[in-house]
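Each remark here refers to the structure printed beneath this line.
Letters go in sequence order (proteins before strands), and every chain restarts at 1. What you see is a predicted model; the values in this text were computed from it and never measured.
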Protein chains: 2
Amino acid sequence: MYSTTEENYLKTIYKLQIQLGTFINTNAIADGVNTKAASVTDMMKKLSEKKLLSYEKYKGVKLTEKGKMVAIETLRKHRLWETFLHNQLGFTWDAVHDIAEQLEHIQSNELVEKLDAFLGFPTHDPHGDPIPGRNGVIKESDFILLSLLKKGEKGVISGVVNHSSLFLQHLEKNKLTLGKSITITEVSSFDLSVKALLDGKEKIQLSNEVVKNILIKKLI
Amino acid sequence: MYSTTEENYLKTIYKLQIQLGTFINTNAIADGVNTKAASVTDMMKKLSEKKLLSYEKYKGVKLTEKGKMVAIETLRKHRLWETFLHNQLGFTWDAVHDIAEQLEHIQSNELVEKLDAFLGFPTHDPHGDPIPGRNGVIKESDFILLSLLKKGEKGVISGVVNHSSLFLQHLEKNKLTLGKSITITEVSSFDLSVKALLDGKEKIQLSNEVVKNILIKKLI
DNA sequence: AAATATTTTTAGACTACTCTAAAAATAGTA
DNA sequence: TACTATTTTTAGAGTAGTCTAAAAATATTT
């Protein structure tokens, strides 16, 4: 239906829209799809022709409902594949993204649905990002930043803000994986680093850089 | 490393080489990759440049060792994915091919190896075709045509010769799937159709068109 | 508001792959 | 062997996507 390239543009614009809320400018898109501004302009004309987004010269773009659906469907496929790669094949947290980038463009509705069922209809991918449903609905999650927890409070690791390999590898090396519980025992007022209890037993220390990039589900 | 298109050309030429044994001519390739002869000529020059095959004008082509390895690796991926689609996701026999055509081009050695392990290092795909090993070695199978069985002889369905959807759907509808046993009870000398026992209990009748396209492992 | 900096668009060209139509080579036949 | 048919190759052009360099529009600074 749509080419790999088109899907990548739409997905990138969708993410930028969520992040920035407004009309998306050419350079941001060029950055996102790893190309030059001139190429973006060309593609914007093409996607606009196809009614996937509205484009006005020098004013940026905005996805149409149709474009948004394509973007979400691509995101759904990406996150289902990431889940498969991590949960079934045992890929590490940081390795799944690049392969899922390729797999998300495989065309077959039946495949997506069967994969979803095979995985047990997961609601979140290995990074804690919500997996859109078949209808395109994305469930809002009530995850908050670990850095918001106060001394004595407790939460379960449920996602990350920073998706870089470097950060994910760091987390994996320190056993800070999805599902682990964290109880804050002390917050330094100097550098905002925290001391905490991992899974109620192991004492750990986390820099602010780390805690402000981890999402947790707060336990009362 | 190599583009989807290049891999498809190499895979097609490899299959033709096995089938025909000799130098492969332009039209046969054009047929196999669904394009025109002129396009094939262009591509042969390109693949020849890259030392993936040897090409002499008007004389046809032959894969080099390098080209053969790429073809076999692609075939390996194709058949592993077919196995995944059938065994894990529950796709029917005839539906797996088209999706595997796409999946075989995903680039990641780690993915192939992990998938192989996940599937339990299968030796044959859902059509009974052998899956090349990591080293590129393809185990010869001792399957023979069902049509070669004589009255009273018995075998286990292990593969197909004809891979068309129509034939595969026909087999599936008649429960003639991999692993089922067949005992020949009668062979008509008129139309070469056979009467047989499916799994030792159900009486069935099969046309010659069917029996000459089924591969079985003969039981003594 | 003018000058400067930045962003975006246009123009023209390149790569990978494709095609049609015509020319060249090979194969088959009388 | 000469004629015809078939196959293959060349030539020229198209599509999707990309790029650089220059022009045009917008934003920022003074």
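A straight line from NZ of A/Lys50 to C1' of D/dA16 spans 10 Å, rounded to a whole angstrom. Distance A/Glu56 CD to C/dT9 P: 11 Å, rounded to the nearest Å. Counting to the nearest Å, the P atom of D/dA21 and the NZ atom of A/Lys36 are 10 Å from each other. For B/Lys59 and D/dT8, the NZ to P distance is 14 Å, given to the nearest whole Å. Remark: P of C/dT10 and CE of A/Met44 are 13 Å apart, rounded to the nearest angstrom. Put simply, NZ on A/Lys45 is 16 Å from P on D/dT15, counting in whole angstrom units. Rounded to whole Å, the distance from CD on B/Glu7 to P on C/dA16 is 16 Å. Look at CG on A/Asp42: it is 12 Å from P on D/dA16, rounded to the nearest Å.
When side chains are defined from C-beta on, B/His124 counts as touching B/Ser141, because their heavy atoms get closer than 4.5 Å. In this structure, the side chains of A/Glu73 and A/Val112 come closer than 4.5 Å at one or more pairs of heavy atoms. Contact annotation: the side chain of B/His86 never approaches that of B/Glu82 to less than 4.5 Å [non-hydrogen atoms, C-beta and beyond].
Other residues, nucleotides and ligands contribute over 12 non-hydrogen atoms within 6.0 Å of the NZ atom of B/Lys180.
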Quiz item: Which is it for B/Lys11 and B/Glu7 under the salt bridge (Lys or Arg N to Asp or Glu O under 4.0 Å) test, yes or no, and what are the steps along the way?
Solution: CA-CA 6 Å; B/Lys11 198 184 59 175; B/Glu7 286 182 352; over 6 Å; no
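Contact check, A/Tyr58 against D/dA23: no side-chain N or O comes under 4.0 Å of OP1 or OP2. Remark: B/Tyr55 is not in phosphate contact with D/dT8, judged by side-chain N or O atoms under 4.0 Å from OP1 or OP2. Considering only side-chain N and O atoms, B/Ser39 lies nowhere under 4.0 angstrom from the phosphate OP1 or OP2 of C/dT18. When the side-chain nitrogen and oxygen atoms of A/Lys57 are compared with OP1 and OP2 of C/dT8, none of them lie within a distance under 4.0 Å. Between A/Thr35 and D/dC19 there is a side-chain N or O to OP1 or OP2 distance below 4.0 Å.
Under the 30°/60° scheme for interplanar angles, the aromatic rings of B/Phe84 and A/Trp81 are found to be tilted.
Considering only side-chain atoms of A/Thr41, the nucleotide from C/dA21, D/dC19, C/dT9 that sits closest is C/dT9.
The stretch residues 16-34 of chain A comes close to DNA chain C through A/Asn25, A/Thr26, A/Asn27, each having a heavy atom under 4.0 Å from the strand.
Salt-bridge annotation for A/Arg76 and A/Glu113: present, with a side-chain N of the basic residue lying under 4.0 Å from a carboxylate O of the acidic one.
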